[in-house]
Amino acid sequence: MKRTKINVLLVLDQSPGDVLVKGWVRTKRGSKEFSFMEINDGSCLSNIQILADKDLTHYSDIEALTTGSSVSVMGTLVESPGKGQKWEIKAKEVEIINVAPESYPLQKKRHSDEFLRTIAHLRPRTNKFGATFRLRSEMAYAVHKFYKEKGFRYLTTPLITGSDCEGAGEMFRVTSLDPETVKKMGKMDFSLDFFGRESNLTVSGQLSAEMFAMALGDVYTFGPTFRAENSNTSRHVAEFWMLEPEMAFCDLNGNMDHGEELVKYLTRHAVEECAEDLSLFKNFVDKTLEGRIDILLNSEFARITYTDAVDILKKSGQAFEFPVEYGTDLQSEHERFLAEIYCKKPVFLTDYPKQIKPFYMRVNDDGKTVAAVDLLVPGIGELIGGSQREERLDVLEARMKQMNLPLENYWWYLDSRKYGSVPHSGFGMGFERFLMMITGIGNIRDVIPFPRTPGSIDF
RNA sequence: UCCCCAGUAGCUCAGUUGGCAGAGCAAUUGGCUGUUAACCAAUGGGUCCGCGGUUCAAGUCCGUGCUGGGGAGCCA
């Protein structure tokens with residue numbers, strides 16, 4: 001008999017008769033005459049209830065089943081006379097695949113996120129984390145679906161990079177030399193290393209993506225990204241997934257239009273395809289989630305220039321811990337005020353002073369600002385960071401010299417501005433940040449399977 | 001990296017002025033004919049985060065380290 005997954009069974013209108021399910025025992029309520037078991041196979045949030053009568057062979061073994069044990073159950077799918085579920089299975093055969101001993105750490109009660117992080121290998125077996133990682137999977141699919149529908153090409157850029165100045169924070173060094181050899185060298189000699197020069201894990205696929213946007217038109221990358229920053233916050237991990245669209249013939253406004261469309265598309269997909277899992281987050285994780293999702297879907301995102309934002313903050317009358325100063329980066333409290341109190345919805349902040357932004361951002365006509373954009377989301381902070389890129393070779397080279405960047409290392413990047421350069425734009429969206437937004441989960445470590453953070457690389 | 005808070009049973013936590021180590025849940029055993037985080041009864045369960053100090057006496061006070069959480073910076 002062929003196994004049926006529980007998500008398929010639970011939506012049936014009428015019973016097909018006998019069915020075979022396989023899964024893990026979530027809870028068992030036993031008595032002398034019969035036992036109820038709830039089985040989950042990961043296909044959906046819901047369990048299916050099994051009724052096991054004492055007449056079954058090995059009933060004493062069935063009665064001894066524990067939470068976490070794995071079983072295979074064949075029986076008749078019948079309408080449940082009890083409350084709380086439509087269907088249940090009246091078991092004919094229960095095969096015990098493996099009994100989980102009493103040391104199984106997951107109990108039939110709520111556990112703290114902190115505890116579950118210490119057993120990250122088992123936490124996907126809980127309702128909350130099962131829902132989280134089903135949703136994560138569905139959102140990754142929706143990313144590809146969105147870009148397929150829009151005619152973008154999927155680009156996989158290198159994870160190991162030789163550019164030492166990608167410009168976004170500390171990098172992890174990649175080497176094949178063993179520490180003893182390096183010690184004997186006295187001073188690190190990269191020419192003896194695998195690639196013959198210093199190499200690192202990528203902090204962004206953007207520069208590569210720009211090259212392909214100049215060829216394929218619209219591209220996106222979606223893959224792991226690494227930052228060696230010693231960041232200890234609920235919004236940072238050392239290894240995360242980033243989505244980076246890059247679009248030829250696109251200016252900053254087109255960039256924002258695209259970002260807004262993307263966020264709304266993914267959100268709508270979650271609402272339409274993940275309703276059951278989403279209901280868990282709405283009910284048990286974040287009571288304000290429903291309203292926030294409604295705002296995401298139905299409001300037009302605000303768009304404010306950095307200069308206007310500074311004015312708004314200065315006139316707000318708010319007592320900020322840090323002063324608002326034109327020419328410096330906005331503090332968290334300032335960004336939060338703009339998104340959560342002033343706009344009460346996602347807001348694109350644009351046109352930052354050029355001295356606080358990287359070399360590749362396009363210099364505006366005022367000569368003071370660049371065509372940068374950040375999307376700030378209430379409760380999350382920065383979800384998207386991007387820009388229109390500097391496509392004018394002379395302006396780009398001047399800027400790089402100003403910032404003391406070694407032009408020769410970027411010869412290939414500059415070639416794109418030499419040969420058929422066009423206006424183009426793109427941004428990076430933190431995939432985990434998006435998941436936090438759509439689930440209401442407050443710690444980024446809880447939306448990634450095995451989080452990597454400073455001092456922590458278990459599992 | 002900086003600031004603040006916490007660390008006691010498998011989990012969540014209480015522990016008064018420094019004076020015998022506690023509860024709920026879980027586990028184990030038994031009972032129970034339709035349960036829904038089932039219910040009822042009994043039983044077992046401790047390096048009070050580590051190290052050092054003060055004291056007749058430290059879970060409690062002091063120092064230090066580690067781990068975790070919240071916030072800041074960096075950013076996605």
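What you are looking at is a predicted structure, and each value in this text was computed from that prediction instead of being measured. Letters A, B, ... mirror the listed sequences (proteins, then strands); counts begin at 1.
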Name the pairing partner of B:rU60, where a pair is Watson-Crick or G-U wobble with both distances under 3.5 Å, or state none. none

Who are the salt bridge (Lys or Arg N to Asp or Glu O under 4.0 Å) partners of A:E93, not counting sequence neighbours? none

Quick check for you: among B:rU1, B:rC25, B:rU33, whose closest atom lies nearest to any side-chain atom of A:K32? B:rU33

Can A:F431 be called stacked on B:rA76 when the rule is centres closer than 5.5 Å and an angle between planes below 30°? no

For B:rA76, does the base pair up with any side-chain atom of A:R227 as donor and acceptor (N or O, under 3.5 Å, distance only)? yes

Is the distance from OP1 or OP2 of B:rA72 to the nearest side-chain N or O of A:R235 less than 4.0 Å? yes

What residues in residues 47-69 of chain A put a non-hydrogen atom under 4.0 Å from any atom of RNA chain B? A:Q49, A:L51

Whole-Å distance between B:rA76 P and A:F226 CZ? 16 Å

Considering non-hydrogen atoms only, spot the tightest contact between A:S387 and A:V373 and give its length. N-CG1, 4.1 Å

Between B:rA76, B:rU33, B:rC74, which nucleotide gets closest to the side-chain atoms of A:E229? B:rC74

Nearest-Å distance once atom C1' is located in both B:rG30 and B:rG7: 37 Å

Answer with base, sugar-phosphate or nothing: what part of the nucleic acid does A:F240 contact at a heavy-atom distance below 4.0 Å? base

In this structure, how many angstroms lie between the C1' atom of B:rU12 and the CG atom of A:L106, rounded? 15 Å

Nearest-Å distance, CZ (A:R125) to C1' (B:rA37)? 19 Å

When rounded to the nearest 0.5 Å, the distance separating CG of A:L280 from OG1 of A:T126 is 9.0 Å

Between P on B:rA37 and NZ on A:K128, what's the gap in Å once rounded to a whole number? 19 Å

Between B:rG45 and B:rC25 - C1' atom distance, rounded Å: 14 Å

A:H236 has an atom NE2; how far is it from atom C1' of B:rU1, in whole Å? 14 Å

Side chain of A:R433, base of B:rC75: donor and acceptor closer than 3.5 Å? yes

A:Y326 and A:K314: side-chain hydrogen bond (donor to acceptor under 3.5 Å, both in side chains), yes or no, with the steps? CA-CA 10 Å; A:Y326 184 93; A:K314 281 187 166 166; over 6 Å; no

In terms of heavy-atom contacts, does NZ of A:K264 have more than 12 from other residues, nucleotides or ligands at under 6.0 Å? yes

Could you list the donor-acceptor pairs under 3.5 angstrom formed by side chains in residues 129-136 of chain A, with sequence neighbours left out?
| unit_1 | atom_1 | unit_2 | atom_2 | d |
| --- | --- | --- | --- | --- |
| A:T132 | OG1 | A:K128 | O | 2.8 |
| A:R134 | NE | A:D277 | OD1 | 3.4 |
| A:R134 | NE | A:D277 | OD2 | 3.0 |
| A:R134 | NH1 | A:G42 | O | 3.1 |
| A:R134 | NH2 | A:D277 | OD1 | 3.0 |
| A:R136 | NH1 | A:E432 | OE2 | 3.0 |
| A:R136 | NH1 | A:V447 | O | 2.9 |
| A:R136 | NH2 | A:E432 | OE2 | 3.0 |

Quick one: side-chain hydrogen bond (donor to acceptor under 3.5 Å, both in side chains) pairs with a partner in residues 68-79 of chain A, sequence neighbours left out? A:D18-A:T76, A:T66-A:S69

Earlier contact from the 5' end, RNA chain B, for A:M242 and A:R445: A:R445

For B:rA14, give the paired nucleotide (Watson-Crick: N1-N3 plus N6-O4 or O6-N4; G-U: N1-O2 and O6-N3; both under 3.5 Å), or none. none

Who pairs with A:W24 by ring pair (Phe, Tyr, Trp, His ring centres under 6.0 Å), at least two apart in sequence or on another chain? none

Selection from B:rA72, B:rC25, B:rU33 that lies nearest to any side-chain heavy atom of A:Q107: B:rC25

Heavy-atom side-chain proximity of A:P454 to A:N232 below 4.5 angstrom: yes

Partner set under side chain to side chain contact (heavy atoms under 4.5 Å, CB included) for A:N40, not counting sequence neighbours: A:R26, A:N47

Looking only at the side chain of A:S234 (C-beta and beyond, no hydrogens), which of the listed nucleotides B:rG71, B:rG68, B:rA76 gets closest? B:rG71

For atom NZ of A:K108 and atom P of B:rC11, their distance in whole Å: 18 Å

Partner lookup for B:rU1, please. Criteria are Watson-Crick or G-U wobble with both distances under 3.5 angstrom; report none if nothing qualifies. B:rA72

Please work out whether the ring planes of A:Y154 and A:H144 are parallel, tilted or perpendicular, with thresholds of 30° and 60°. perpendicular

Answer for the Watson-Crick or wobble partner of B:rU28, both distances under 3.5 Å, is B:rA42

Mind checking the P distance from B:rC62 to B:rU54? Whole angstroms is fine. 15 Å

Using purine N1 to pyrimidine N3 plus N6-O4 or O6-N4 for Watson-Crick, or N1-O2 and O6-N3 for G-U wobble, each under 3.5 Å, what pairs with B:rU67? B:rA6

Among residues two or more places apart or on two chains, list those pairs meeting salt bridge (charged side-chain N to carboxylate O under 4.0 Å, His left out) that have a residue in residues 58-73 of chain A. none

Under 3.5 Å, is there any donor-acceptor pair linking the side chain of A:S231 to the base of B:rC75? no

Is any side-chain nitrogen or oxygen of A:K109 closer than 4.0 Å to OP1 or OP2 of B:rA37? no

Give a yes/no on whether any side-chain N or O of A:N443 is located under 4.0 angstrom from OP1 or OP2 of B:rG70. yes

For RNA chain B, determine which residues of residues 76-102 of chain A have any heavy atom closer than 4.0 angstrom to one of its atoms, and list them numerically. A:S80, A:P81, A:G82, A:K83, A:Q85, A:E88, A:E102

Looking at A:T233, I'd like to know whether one of its side-chain N or O atoms comes within less than 4.0 Å of OP1 or OP2 on B:rG71. no

Salt bridge (Lys or Arg N to Asp or Glu O under 4.0 Å) partners for A:R235, two or more places apart: none

How would you list, by chain and number, every residue that makes a salt bridge (Lys or Arg N to Asp or Glu O under 4.0 Å) with A:D286, sequence neighbours excluded? A:R292

How far, in whole Å, is B:rC32 from B:rG44 if one measures between their P atoms? 24 Å

Under 4.0 Å between any heavy atoms, over every strand shown, what does A:T27 touch: base, sugar-phosphate, or nothing? Just pick one. sugar-phosphate

Pick the P atom in B:rC5 and in B:rU47, then give their distance to the nearest Å. 28 Å

Ignoring hydrogens and angles, does a donor from either the side chain of A:H111 or the base of B:rC11 sit under 3.5 Å from an acceptor on the other? no

Among residues 327-340 of chain A, which residues get a heavy atom nearer than 4.0 Å to RNA chain B? A:D329, A:Q331, A:S332, A:R336

With sequence neighbours left out, the residues meeting side-chain hydrogen bond (donor to acceptor under 3.5 Å, both in side chains) with A:R362 are A:E391

Mind checking A:I444 for me? I need base, sugar-phosphate or nothing, with any heavy atom below 4.0 Å counting as a touch. base

Sugar-phosphate only, base, or nothing, as touched by A:T118 at under 4.0 Å among non-hydrogen atoms: nothing

B:rG10 and B:rC48: how far apart are their C1' atoms, nearest whole angstrom? 16 Å

